[in-house]
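Have a look at the structure below, then the notes.
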2 protein chains.
Amino acid sequence: MTTSQLKGNLELLLLAVLRGGPLHGYAVIAGLRERSGGSFDLPEGTIYPALHKLEREGLVLSSWEDAAGRRRRIYELTPRGERALAHQSEQWHSFVRGVNAVLSVVTP
Amino acid sequence: MTTSQLKGNLELLLLAVLRGGPLHGYAVIAGLRERSGGSFDLPEGTIYPALHKLEREGLVLSSWEDAAGRRRRIYELTPRGERALAHQSEQWHSFVRGVNAVLSVVTP
DNA sequence: TCGTCATACCTAGACAATCTAGGTATTGGT
DNA sequence: ACCAATACCTAGATTGTCTAGGTATGACGA
C-alpha cells in the first residue's frame, strides 16, 4: 500500500522486531507489516540480505529449525544487538527531532 | 557534530527551508545547520546537486544575483514545490508513525 | 603584503542501501 | 494436477549521499 523506502532505518526496524523474541525471516517480514499497520511491506530481497548483514555484524545470531519438513532460519538478538538497538533508537529520535525542527520553520 | 545520513529526506528538508523565503545555496546549508541545532551540517557536494535536481523537477527555480562582486544563485519554491512540500511532509509524518509503531513493540 | 579563512559555486566518481527479478523447494487447498 | 502461500536465497540495477577535488572573491590578521 504505502510506498516504502526505508531511508536507512531498516537495521533499526529489524532489531526492534526481534526484540519481541526470536523469529524466522519470513515472520520478520510479516511482523514488520503488521506492526506498522501495513506501511512496511518489504520484499524478501530486502530483508534476507539485511538479516545476513546483521549476523555478520554480530547483532543477531541464527539457527536452523526444521518444523514440519520446513526449514526455517531463526534469528535472535545478541547482547550487542540489544545495545545497538538502544543506540540506534536514540539516534532515530534525535533525527526525528532534527527534521521536525526544520519542518517547524514553516509553521512555528 | 552529529552523524548525518539524510535517509532520503533531503528533498523535504530543502523544500522546508526554502518555505521560509528565497535563499542562495550556501545560505541553505547554513539554514539547515542552524535550524536543526547543528544536527544537519551537510557538505556542499550533497546540497548543490540536490538543489539542481529540485530545479530539474520544477519544485524550485533559481536566479543569479550579483551582490558585492559575489555571484549567488538564489532558489525559491514554485507552487509545485509548495505542494510537494505538503505532500512529503505528510509522508514523513506517516513514516515516523510507522517506525515508532514498530519501535513500541519493545516498550508498549 | 601575504597568507589564510570564510564565502560561494561546481562536478566526477565512490560507496552504501534498497529493490527488482530471478531462482529453489515444500505444504495445503481446490 | 495445479496453484497459492510459505520459506529461503542471490546477482545486478538503481538511487541517494558523501568524498574529494576544482574555481574565484573578499576580509582579516600577521
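Chain letters run A, B, ... following the sequence lines, proteins first, then strands; residues in each count from 1.
- The listed nucleotides are C/dA8, C/dT18, D/dC18; the one nearest the side chain of B/Leu6 is D/dC18.
- Between A/Glu11 and B/Trp64, the residue whose closest nucleotide on DNA chain C is further toward the 5' end is B/Trp64.
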* Asked: Could you walk me through whether B/Leu12 and A/Val102 pass the side chain to side chain contact (heavy atoms under 4.5 Å, CB included) check?
  -> CA-CA 9 Å; B/Leu12 169 64; A/Val102 174; over 6 Å; no
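- Nearer the 5' end of DNA chain C, as judged by each residue's closest nucleotide, is the contact made by B/His24, out of B/Thr46 and B/His24.
- Between A/Glu44 atom CD and D/dA7 atom C1' the separation is 7 Å, expressed in whole Å.
- A distance of 11.5 Å separates CG of B/Leu6 from CD of B/Glu11, quoted to the nearest 0.5 Å.
- Rounded to a whole Å, the NE2 atom of B/His52 is 7 Å from the C1' atom of C/dC10.
- OP1 and OP2 of C/dT24 both lie 4.0 Å or more from every side-chain N or O belonging to A/Arg71.
- Candidate nucleotides D/dC8, D/dC18, C/dT7 were compared by shortest atom distance to the side chain of B/Tyr26, and C/dT7 ranks first.
- OP1 or OP2 of C/dT18 has not a single side-chain nitrogen or oxygen of A/Lys7 nearer than 4.0 Å.
- The distance between atom CD1 of A/Ile29 and atom P of D/dA7, rounded to the nearest whole Å, is 10 Å.
- Between the CG atom of B/Leu42 and the C1' atom of D/dT17 there is a distance of 9 Å, rounded to whole Å.
- Taking the nucleotide of DNA chain D with the nearest heavy atom to each of A/Pro49 and B/Arg70, the more 5' of the two is matched to A/Pro49.
- Judged by distance alone, with hydrogens and angles left aside, the side-chain atoms of B/Ser36 form a donor-acceptor pair with the main-chain N or O of B/Leu32 at under 3.5 Å.
- Taking a 6.0 Å sphere around NE2 of B/His87, one finds it holds 12 or fewer heavy atoms contributed by other residues, nucleotides or ligands.
- For the pair B/Lys53 and D/dG16, the criterion of a side-chain N or O lying under 4.0 Å from OP1 or OP2 is met.
- Regarding A/Glu65, its CD atom lies at a distance of 15 Å from the C1' atom of C/dT26, rounded to whole Å.
- In this structure, A/Asn9 places its CG atom 17 Å from C1' of C/dC19, rounding to the nearest Å.
- Rounding to whole angstrom units, CD1 of residue A/Ile47 and C1' of C/dT20 are separated by 15 Å.
- For B/Tyr48, a side-chain nitrogen or oxygen approaches OP1 or OP2 of C/dC9 to under 4.0 Å.
- Within 4.0 Å of B/Gly45, counting heavy atoms only, lies at least one base atom of the nucleic acid.
- Within the structure, a side-chain polar atom (N or O) of B/Arg73 is placed less than 4.0 Å from OP1 or OP2 of C/dC10.
- Atom-to-atom, CG of B/Asp66 to P of C/dT7 comes out at 19 Å; the value is rounded to the nearest Å.
- Close placement of the B/Phe95 and A/Phe40 rings is indicated, their centers lying within 6.0 Å of each other.
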